[in-house]
Amino acid sequence: MTGTIQKNHASIFGTTLNQETYQHLYQQSIEQPELFWAQQAERFITWFKTWHAVNASDFNKGEIKWFQNAKLNVCYNCVDRHLPVKALQPAIFWEGDNANRRQTITYQMLYERVCRFANVLKSLGISKGDRVCLYLPMIPEAVIAMLACARIGAIHSVVFAGFSPHALAERITDAGCKYVITADEAIRGAKSVPLKKNVDEALLQAKVRKVIVIKNSGASIPMLLPRDVWYHEISRQASLECEPEWMDAEDPLFILYTSGSTGKPKGVVHTSGGYLLYAAMTHRFAFDYQPQDVYWCTADIGWITGHSYGVYGPLANAATTVMYEGVLTAPDPSLVWKIVDRYQISIFYTAPTAIRSLMAFGDSPLSKSKRDSLRILGTVGEPINPEAWRWYHDKVGHGKCWIVDTWWQTETGGVMLAPFPKVGNQKPGAACLPFFGIKPIIVDEQGKEVEKTQKGFLTISQSWPGQVRTIYGNPVRFFKGYFVQYPGKYFTGDGAYQDQEGDYWITGRVDDVINVAGHRLGTAEIESALVLHPAVAEAAVIGIPHAVKGESVYAFVTLVEKQIWQDSLVGELQKEVANMIGKLAVPENIECAPKLPKTRSGKIMRRILRCIVTGELDKIGDVSTLAEPEVLEQLISAHQAKIKS
Ligand code: PRX
């Protein structure tokens, strides 16, 4: 292969974001997108070979292609290229679950540890294009393993460590992973999570060649030979040098499973060039990232936020990041703010659920820290209520930090809408403005653009480099899921409106996806788990408002003939969901329904169920499509009887 490493032409810090520069760059990005993205690609990324075409995407075919034929290595961009000037700068301050488990990892150390890991992967036969499943706690090896995969061109599929063995097996099989990287256990305060045991259980249903086990808690665990290998043993002789594999910009970087409104979780595929550019650029601009900043994104690497803003975006920009192993609120709700002081964190990015649970402890945990290093406070994953926004702004940030409420999705790769620092307005709960190159269009059911202030469906009318490329192994589901509803546009699945000033507000999902504590869950997946129980005939799951989690899972079940409802079924059904998906999806409430409200075509009218539970009977609206109108009365009286009991 021919090519040379291209030097970046301009510093990524050349632009100071303000109202004027935002307007200018936004306009350019929409009017001359090819020129805009080419310039940014040269600025943010070090390429081994340049591209033939900037953007060859076609929404009408569901084809997304950026920087075709260009070559780069994502790991090289996140590590190697920083070494000449930043070798000794901390890349990761790792805060373990207790003070004895702290580590500072410089870029030089990161380089060596990633190369060693990459050599181990190669020695086990892993090569370009192989899928590798990561089921890991928030330990440095999680980031190192991701980067090591990227270095040799293997495609990682990180599965959140809270998923059950069954859910893990499903994801391993769907992606055709032949290798799993895990740890003996995850440490969560007084508790531990038996990761290797979960993997063993998953692998009764899915077959792989090798399981690489990282020693974390030190618990004694059974190893199945020759399948299982200890990382600390196999890595002893591994070299600290490993040539990066030069990848095509459109070669997949990772698969990440997320929930859809129907069927099984979908493997969102992101590729190398466009994704990295978008993650790096949005990290730089959404958080006004500056070289002296210390940055902490609290998201677990099992979610897209952990990928884009815990790993790839900040490391591509040579940032110093903080990584935390434990639980944000336990055992001590002041701990998170003490970490802010310890590392003098200036940019802090978390989820509204975390803010609300910290707020629930009152202001006294705040008094044990100063937090005067903070400059930017970000939120992501779900709508933030004004009360939480104000507490974050007034109390956590002493009223002097910009609150960046970022709206985006696993599929978008990076931030799409946000109140960018020093640009535009600050409104509690508003996602405000589009990022460069993002053209949101709010449409009605027929696809016609709605007037300002009117609610509609949020679509994006032109491609951006961080856009999902496909659903792994299922291009038809990809096309049908995002491009057929409004031809020529990407459909987000969210509702939105623009206020009089043009700022965007997200009104929530308009499909059968719910958002519990910032975790995206498909109602269909939970329903499938519930109906596995022999007593259950049918199930309908809804999300209902919850003070801390945003939404909680509420399930209605109908029983098979002759089955009588017993309260013990609640626990049994909760266990079924925990086994099939994980504790994160367990319904808080399960109610026995006489029948489910269905349309004549058999679709469950979840809207009706939601209104019954929230008591907003006046909002039930049109029920003329109900196949059996009498079901409504029956459901209302059954629910009222349940409340009374
Ligand atoms: O409904 C939106 C909500 O989370 C969905 C995307 O979930 P996921 O793919 O898991 O990615 C979460 C992290 C990027 C969106 O369709 N959502 C995300 N951010 C916000 C939000 N809703 C309101 N405000 C946000 N800032």
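Ligands are counted one by one from 1 in listed order, and the atoms in each one are counted from 1 as well.
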(message) Keeping H156 on the side-chain end and V158 on the backbone end, is there a donor-acceptor pair under 3.5 Å?
(response) no

Short list, please: which atoms of ligand 1 are under 4.0 Å from a heavy atom of [X]?
X    : value
T410 : 8 (P), 9 (O), 10 (O), 11 (O)
V380 : 13 (C), 14 (C)
W408 : 6 (C), 14 (C), 15 (C), 18 (C), 19 (N)
T406 : 19 (N), 20 (C), 25 (C), 26 (N)
R520 : 6 (C), 7 (O), 8 (P), 9 (O), 10 (O)
D405 : 25 (C), 26 (N)
N515 : 3 (C), 4 (O)

(request) Could you tell me which non-hydrogen atom of Y26 sits nearest to which non-hydrogen atom of I438, and how far apart they are? (result) OH-O, 2.6 Å

Please state which protein non-hydrogen atom is closest to [atom] and give its distance, to 0.1 Å?
atom                    : value
atom 1 (O) of ligand 1  : D494 OD1, 2.7 Å
atom 13 (C) of ligand 1 : T305 OG1, 3.5 Å
atom 4 (O) of ligand 1  : G381 O, 3.3 Å

(message) Salt bridge check, K427 against E501: does any charged N sit closer than 4.0 Å to a carboxylate O?
(response) yes

(message) Tell me whether R469 is salt-bridged to E411, with the criterion being a basic N under 4.0 Å from an acidic carboxylate O.
(response)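 No, R469 and E411 are not salt-bridged.
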
Quick one: do the [X] and [Y] side chains pair a donor with an acceptor below 3.5 Å?
X    : Y    : answer
W389 : D405 : no
W303 : T258 : no
T453 : Q500 : no
T282 : Y309 : yes

(request) Report, as yes or no, whether the 6.0 Å neighbourhood of atom CD on E616 holds more than 12 heavy atoms from other residues, nucleotides or ligands. (result) yes

(message) Counting only nitrogen or oxygen atoms and a 3.5 angstrom limit, does T492 reach ligand 1?
(response)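 No, no N or O pair falls under 3.5 Å.
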
(request) From atom 25 (C) of ligand 1, work out which of E382, Q409, M416, H519 has a heavy atom at the shortest distance. (result) E382

(message) Looking at ligand 1, would P383 count as a contact under a 4.0 Å heavy-atom criterion?
(response) yes

